[in-house]
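Only one structure is covered here, and it is reproduced in the block below.
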Amino acid sequence: MASMSAYYTSSSTAGPRKPLGKSSPLANSFSLIEYDRDLRFLIMDCPTNNTIALYLKEFVRLNVTDVVRVCEPTYLRERLETHGVRVHDLPFKDGDVPPASVLKQWLDLVNERLGEAVSESADQPVPKTIAVHCVAGLGRAPVLVAVALIEKGMDPLDSIEHVRHKRRGAFNNRQITYLADQYKRTAASKHAKVRASPMNSMASPHASASPAGSGSAVPAPKSFFRKMFGSSH
């Protein structure tokens with residue numbers, strides 16, 4: 001039986017993150033999360049006007065088309081927009097979960113870019129990438145990425161594990177409870193056909209068995225605490 005500590009941990013437990021590669025000067029700041037064969041997410045910490053040029057070089061290499069800021073601006077958006085990178089401001093309170101208005105704008109952006117990526121996939125050797133950041137990239141930004149994974153069909157607990165595997169220390173207890181017990185998939189995503197992608201083929205200790213290539217979404221657990229401790233809780 002899994003221990004509560006496997007999910008409920010403090011930010012002090014954060015360890016070294018998986019690097020993108022030794023060639024990247026921001027390897028320890030970036031975490032790439034696969035969403036679809038044509039689209040992925042980049043979780044990162046917050047750039048400043050002094051460091052944005054360094055980030056921009058990496059954005060070009062990683063085919064970043066959009067940057068979502070969920071914290072207060074710390075750099076001029078024009079620094080990115082003049083290079084073709086669109087900036088979206090979706091701020092919400094530090095340590096909290098996204099309100100409905102932020103979720104709608106976030107998911108609309110994901111769906112829009114996915115549609116573009118699919119139609120342009122033959123001409124895109126590198127998948128489109130949506131970068132998202134808060135201050136440290138450990139709370140608000142990972143929550144939005146986990147929500148997108150859940151909408152894609154991933155089990156909520158698996159989405160937490162998957163993001164944490166790529167970005168250690170992600171999520172606080174409030175955000176874990178929200179993702180595992182409170183967030184509900186939209187009606188549209190419940191009936192959407194999930195395409196084959198690296199994310200969907202990822203082995204998971206929580207995912208229920210399904211026929212290979214079926215593309216069926218894994219149902220979300222009814223209760224996080226029941227999942228952890230059994231039906232008596």
Could you tell me the separation between the CG atom of Leu32 and the OG1 atom of Thr129, rounded to the nearest 0.5 Å? 6.0 Å
Taking Arg86 for its side chain and Val68 for its backbone only, find out whether a donor-acceptor pair lies under 3.5 Å. no
Enter the distance from Leu62:CG to Leu42:CG here, rounded to the nearest 0.5 Å. 6.0 Å
When you group the ILVMFWY residues by side-chain heavy-atom contacts below 4.5 Å and let the links chain together, are Val64 and Leu54 in the same group? yes
Could you tell me which residues satisfy salt bridge (charged side-chain N to carboxylate O under 4.0 Å, His left out) with Glu116, sequence neighbours excluded, listed by chain and number? Arg113
Can you list everything that forms a side chain to side chain donor-acceptor pair (under 3.5 Å) with Thr74? Sequence neighbours excluded, please. none
Assess the residue pair Lys152 and Asp36 against the criterion (side chain to side chain contact (heavy atoms under 4.5 Å, CB included)); give the C-alpha distance rounded to whole Å, side-chain angles, the decisive distance to 0.1 Å, and a yes or no. CA-CA 9 Å; Lys152 182 72 170 174; Asp36 187 273; 3.0 Å; yes
Applying side chain to side chain contact (heavy atoms under 4.5 Å, CB included), can you list everything that pairs with Thr48, at least two apart in sequence or on another chain? Asn50, Thr51
Can you name the closest pair of heavy atoms from Ala180 and Pro156 and give their distance? CA-CB, 4.0 Å
Can you list everything that forms a salt bridge (charged side-chain N to carboxylate O under 4.0 Å, His left out) with Asp89? Sequence neighbours excluded, please. Arg69, Arg77
Does any N or O in the side chain of Gln182 come within less than 3.5 Å of the main-chain N or O of Thr177, such that one atom is a donor and the other an acceptor? no
Is the CD atom of Glu72 crowded by more than 12 outside heavy atoms at less than 6.0 Å? no
Of all the heavy-atom pairs spanning Cys46 and Cys71, show the shortest one and how long it is. SG-SG, 4.1 Å
Within the distance-only criterion (no hydrogens, no angle test), does the side chain of Arg167 pair as donor or acceptor with the backbone N or O of Gly137 below 3.5 angstrom? yes
Partner residues of Val60 under the side chain to side chain contact (heavy atoms under 4.5 Å, CB included) criterion, sequence neighbours left out: none
Could Arg140 and Asp96 be called an ion pair, given the rule that one side-chain N must be under 4.0 Å from one carboxylate O? no
Please answer whether the main-chain N or O of Gly95 pairs with a side-chain N or O of Arg174 as donor and acceptor at a distance below 3.5 Å. no
Salt-bridge test for Glu58 and Arg61: reply yes if a basic N is under 4.0 Å from a carboxylate O, no otherwise. yes
Closest non-hydrogen atom pair, Val163 against Ile33: CA-CD1, 4.4 Å
Output every pair passing ring-ring contact (aromatic ring centres under 6.0 Å, His included) with a member in residues 48-81, not counting sequence neighbours, ordered by first then second residue. Phe30-Tyr55, Tyr75-His133
Would you list the atom pairs, donor with acceptor, under 3.5 Å between side chains in residues 143-150 and any protein atom, with sequence neighbours excluded?
none

Show the nearest heavy-atom pair for residues Val85 and Leu56, with the distance to one decimal. CG2-CD1, 4.3 Å
Asn63: which residues meet the side chain to side chain contact (heavy atoms under 4.5 Å, CB included) condition with it, sequence neighbours left out? Thr65, Gln124, Val126, Lys128
Sorted by chain and residue number, the salt bridge (charged side-chain N to carboxylate O under 4.0 Å, His left out) partners of Arg40 (sequence neighbours excluded) come out as none
Modelled atom types, side-chain donor and acceptor of Gln175 and Tyr183, under 3.5 Å: no
Kindly give the heavy-atom pair with the smallest separation between Val110 and Ile130, and that separation in Å. CA-CD1, 4.1 Å
To the nearest 0.5 Å, tell me how far Ile176 CD1 sits from Asp181 CG. 11.5 Å
Under 4.5 Å between any side-chain heavy atoms of Glu151 and Leu107, yes or no? yes
Sequence neighbours excluded - ring-ring contact (aromatic ring centres under 6.0 Å, His included) pairs with any residue from residues 78-100: none
Compile the donor-acceptor pairs under 3.5 Å between side chains in residues 98-105 and protein atoms, sequence neighbours left out, one pair per line.
{"from": "Lys104", "atom 1": "NZ", "to": "Asp108", "atom 2": "OD2", "distance (Å)": "2.8"}
{"from": "Gln105", "atom 1": "NE2", "to": "Ser101", "atom 2": "O", "distance (Å)": "3.3"}

